[in-house]
Amino acid sequence: MNKRIKFIQGNDVCVEAALYAGIEFFAGYPITPSTEIAEQMASRLPMIGGKFLQMEDEISSLCAIIGASLTGHKSMTATSGPGFSLMQEALGYAVMAEIPCVIVNVMRGGPSTGLPTHAGQGDVNQTRYGIHGDHSIIVLTASNHQDIFRMTVEAFNFAETYRTPVILLLDEMTGHLREKIDIPEPGNIALVKRLRTAVKSGIDYHPYLPREDGRLPMSDFGDEHRYNVTGLYHDMWGFPSDNPKIVYGLIRHLVDKIENNSHQIARFRKYHVKDADVLLISYGASARSALHLVENRRRRGEKLGLLELQTLWPFPVDIVREVCKEIKFTVVVEMNMGQVLQQVRLAVDAPEKIFLANRIDGELITPTDIRNILRVIQGKGV
Amino acid sequence: MGKKKLYAHHIDSSWCKGCGICVAFCPKQVLELDKNQKAIAARPEDCICCRQCELRCPDLAIEVICSKTEVSNE
Amino acid sequence: MEKSRLLFSGSGGQGVITAAILMAEAAVRYESLNAVQAQSYGAEARGGATRSDVIIWDQPIYFPRVTQANVLICLTQTAFNKYQEMIRPGGLLVTDSRLVKNSRKVDARKIELPFYDAVMDTIKKPVVLNICMLGAVVAVTKLVRIASIKSLIAERFAQEFHETNFQAVDLGVELVRQFQSK
Amino acid sequence: MAVKDYIRERFFPHMWCAGCGHGIILNALLHSVDDLGLNKKDMVMVSGIGCSARISGYVDFHSMHTLHGRALAFATGIKMSKPDLNVIVPMGDGDALAIGGNHFIHAARRNIEMTAIVMNNRIYGMTGGQFSPLSGYGAMGTTAPYGNIDHDFDVVDLAVAAGATFVARTTTYHVHELSDLIQQAITHKGFSVLEVLSQCPTHFGRRNKAGDAVDMLKMYKKRTVRIGSDKKKADPDLIERGVFVKKDFPEYCREYDQLILKARKKK
């Protein structure tokens, strides 16, 4: 029997993947439906000498992993709706201070305490626009266990590559679903190590001076280089500054380092897109239903295709525009009032050909739900 | 322990904000504020090296250099 | 193979979800099949009717919920009343003959078995009711091998519970044998 | 080393007002670190937001200027992931006890080895003189124009109740005592809380007719007494100074090391 094949919940897959990626520090606060991640971390991290902290709230959880990351340890927290709302302040800090870390948000129905035990996908906009001030951010998602593993590792990799917090947006459905996962052998997925400065002790180290390729080598707290970290606009040493030139340079850097690399960051899967005349665009749990329908209809000769987005932000505008070009019409499938729909409409040349198939009652959208929408659009009646 | 002897008051007048704390609490009235509201050692000969002015200065502007104390190598 | 959609239902504490997980996990890890298992959480899981969906297939499974069950298992009347409509016409309905009063209206192959009474008579531990039911479901659906279920139980449960649970599996199999030979 | 070897001189003169007690605390802290002979490489200072928080920019340590009230949470992550570091967390009174009150009591409860210094000037200085949870009944502030009806915390009582294993109080007038207590707090193997009454002549002093910095220091001299002094019996309103609690108790990082051993055995 293959020991790497497991039958576990999506939340547990996320833990396995974080360990694969080299996590050493986790801080969190219990909240449905993400709690299994904290529970598994509490059990697994000490076994490898890592640290698990149950903090007093989600605010301090994110603050603690930012602190741990500064000492050179790969760090993560996991939460859900209300907890993610509480994290916005520290998320902004991690963006501004350029601290690599991973925040998992296992989405439930909202707003407020909403539907703790039911799936929703209403946090897409919050991951992008939740914090005050201009910025850019990386948000990944996945619809099945193999991809949850992959995207969790990618989240750690992107965090290190771009010195930024990365949000992994899961949902209650996939988080609690059990299915097969074939844990990749060590080395099968490349890991990005922390880029540390080569500057020797006694020589001026600039923690916030990007190299030519845009990356910023770090120095761990506790090592030779002493510098300042702040959430204020700051110069290349990390000291506060309101010099307009420095402010302008920093905000451009924070946005550009992500937006200019959106092609490197874009992760997606195409199913039967090439010859499709009707396209579905979906992500997360909804993409499972969309794919179910696509495979079913293909067997009957219908030219239905699916673009599954795994990078939600920066929004893969070019990819979406490209696939929608030759399509009769496109239906975005999601469990909210059309958060990705808006982005797709902005991306394409003919927004009037983009429709929504959604479900907002806490239940997983079904292939039949999507099929009914397709029939309405095609004028066939349900 | 012998009696400490004063070498010098180092007062960085660019750091001094003239709050007058050193003047008010010097047990020997060694210090004064000058016409620019900066602390100066007006009567250094009376200093007993208690270093209360140095420790109480909110601006880190005063250093009392005495014998038996480590002298900065700057 | 046909795609099999199973819906396990009962009340919280009966171990219905554990049985569902064991079935699905055995399919994945011992039979090289695909399986998904989902369940209802929250208020629903604490009292009232508990439900767990299992789909087993030799092809990739995308939509993970059971909307029409090939196999519906009910261990309480409440669960039966709530989920009986979800059975596919011609599907298989497995109920406890003492705990559930079946309805003639349901269009399904009905297998009413005295899980509760049999467990109380022979093993005398109500806690293995779910495993007895699992043994029966495995025997009747043949989706996984009995040996696989036992291997998984040996892996998952503490040593001291192995024997009782094996007994419960065998009891379930025996109940099906008796039923089918009637 | 000299005290000035521990600061980032290019940022001086500092931004605090003339006569601000926070400068005296910085001064004492530097003398303490110097007296203890600590290596700058092992020192981390994490501050929140407010006048007090600016202190982290002036010390030549690993320094972190974080969010209002959250300094202890950031510091907890640093200390847990590198327990050999010496972590000092100076906080203002609003920082520590209003927005950060929850983090404060939970850090104390865990007994994680860090030094929390509550720089208590009884006012929100940076935002211009609003009352704080330590202003006290009757105090005047821009948000208490008719006199404050909020009662204040007793930082010492709160810290003790929350489980801090070193709890002390002093003032910016008692500078030798201040240095001594900072040293004790830094070397204590557990969560240390040091409350320092620190004058804000600009916002608290002016609004509350407490005079200038010198007058406020004189008041600290007159209205505080050593713990156990007979004067307190005669005048219960006097504020006690000194070490209130100092005890050996399992420290969080060391407890976690034990937990790792347990987990490894189970593996």
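What you see below is based on every heavy atom in this structure, not just the backbone, and it leaves out hydrogens, waters and symmetry mates. Below, chain A is the first sequence line, B the second, and so on; all start at residue 1.
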query: Rounded to the nearest 0.5 Å, what separation is found between the CH2 atom of W237(A) and the CZ atom of R10(D)?
result: 7.0 Å
- prompt: Can you tell me how far OG1 of T71(A) sits from CG of D84(D), rounded to the nearest 0.5 angstrom?
  reply: 11.5 Å
- prompt: Is the side chain of H62(D) donor-acceptor paired with the backbone N or O of D223(A) at a distance under 3.5 Å, no angle test?
  reply: yes
message: If you count heavy atoms of other groups shown closer than 6.0 angstrom to CZ of F149(A), is the number above 12?
response: yes
task: Determine the option with the most heavy-atom pairs under 4.5 angstrom with chain D, choosing from Y227(A), F52(A), F239(A).
output: F239(A)
field: Between L62(A), L70(A), L232(A), I59(A), the one whose heavy-atom pairs under 4.5 Å with chain D are most numerous
entry: I59(A)
task: Using heavy atoms and a sub-4.5 Å threshold, report which of residues 249-260 of chain D line up against chain A, by residue number.
output: Y252(D), Y256(D), L259(D), I260(D)
query: With respect to chain D, which residue among G50(A), S219(A), A97(A) yields the maximal number of heavy-atom pairs within a distance under 4.5 Å?
result: G50(A)
message: Check this for me: D248(D), atom CG, are more than 12 non-hydrogen atoms of other residues, nucleotides or ligands nearer than 6.0 Å?
response: no
- prompt: Is it the side chain or the backbone of R109(D) that comes within 4.5 Å of chain A heavy atoms, both, or neither?
  reply: neither
query: Near D242(A) CG, under 6.0 Å, is it more than 12 heavy atoms from other residues, nucleotides or ligands?
result: no
- request: Under 4.5 Å heavy-atom distance to chain A, tell me which part of D42(D) shows up: side chain, backbone, both or neither.
  value: neither
field: Shortest non-hydrogen contact between Q54(A) and R110(D), atoms and distance
entry: O-NH2, 3.6 Å
- prompt: More than 12 foreign heavy atoms under 6.0 Å from NZ of K247(D): is that the case here?
  reply: yes
- prompt: Would you say K82(D)'s side chain and F221(A)'s backbone share a donor-acceptor pair under 3.5 angstrom?
  reply: yes
task: Examine whether an atom of I65(A) lies under 4.5 Å from a heavy atom of chain D, and if so say whether it belongs to the side chain, the backbone or both; otherwise answer neither.
output: neither
statement: Counting heavy-atom pairs under 4.5 angstrom with chain A, the leader among M43(D), R8(D), K262(D), H68(D) is R8(D)
statement: NZ of K41(D) to CZ of R226(A), rounded to nearest 0.5 Å, is 10.0 Å
task: Compare all side-chain heavy atoms of Y93(A) with those of R70(D) and state whether any distance is below 4.5 angstrom.
output: no
query: Do other residues, nucleotides or ligands put more than 12 heavy atoms under 6.0 Å from F11(D) CZ?
result: yes
- prompt: Side-chain contact, heavy-atom cut-off 4.5 Å: D57(A) with H106(D)?
  reply: no
- request: Decide if atom CG of D134(A) counts as having more than 12 heavy atoms of other residues, nucleotides or ligands within a radius under 6.0 Å.
  value: no
- request: Select all residues of residues 72-81 of chain D having any heavy atom within less than 4.5 Å of some heavy atom of chain A, and report them by number, or 'none'.
  value: A73(D), F74(D), T76(D), G77(D), I78(D), M80(D), S81(D)
- line: Greatest number of non-hydrogen atom pairs under 4.5 angstrom with chain A, of I49(D), V46(D), L261(D), D60(D), falls to D60(D)
query: Taking G72(A), G231(A), S61(A), A68(A) one by one, which has the highest count of heavy-atom pairs under 4.5 Å against chain D?
result: A68(A)
message: Please report the interatomic distance CG(N102(D)) to CD(E56(A)), rounded to the nearest 0.5 Å.
response: 5.5 Å
- line: Heavy-atom nearest pair, H65(D) first then N228(A), reads N-OD1, 4.4 Å
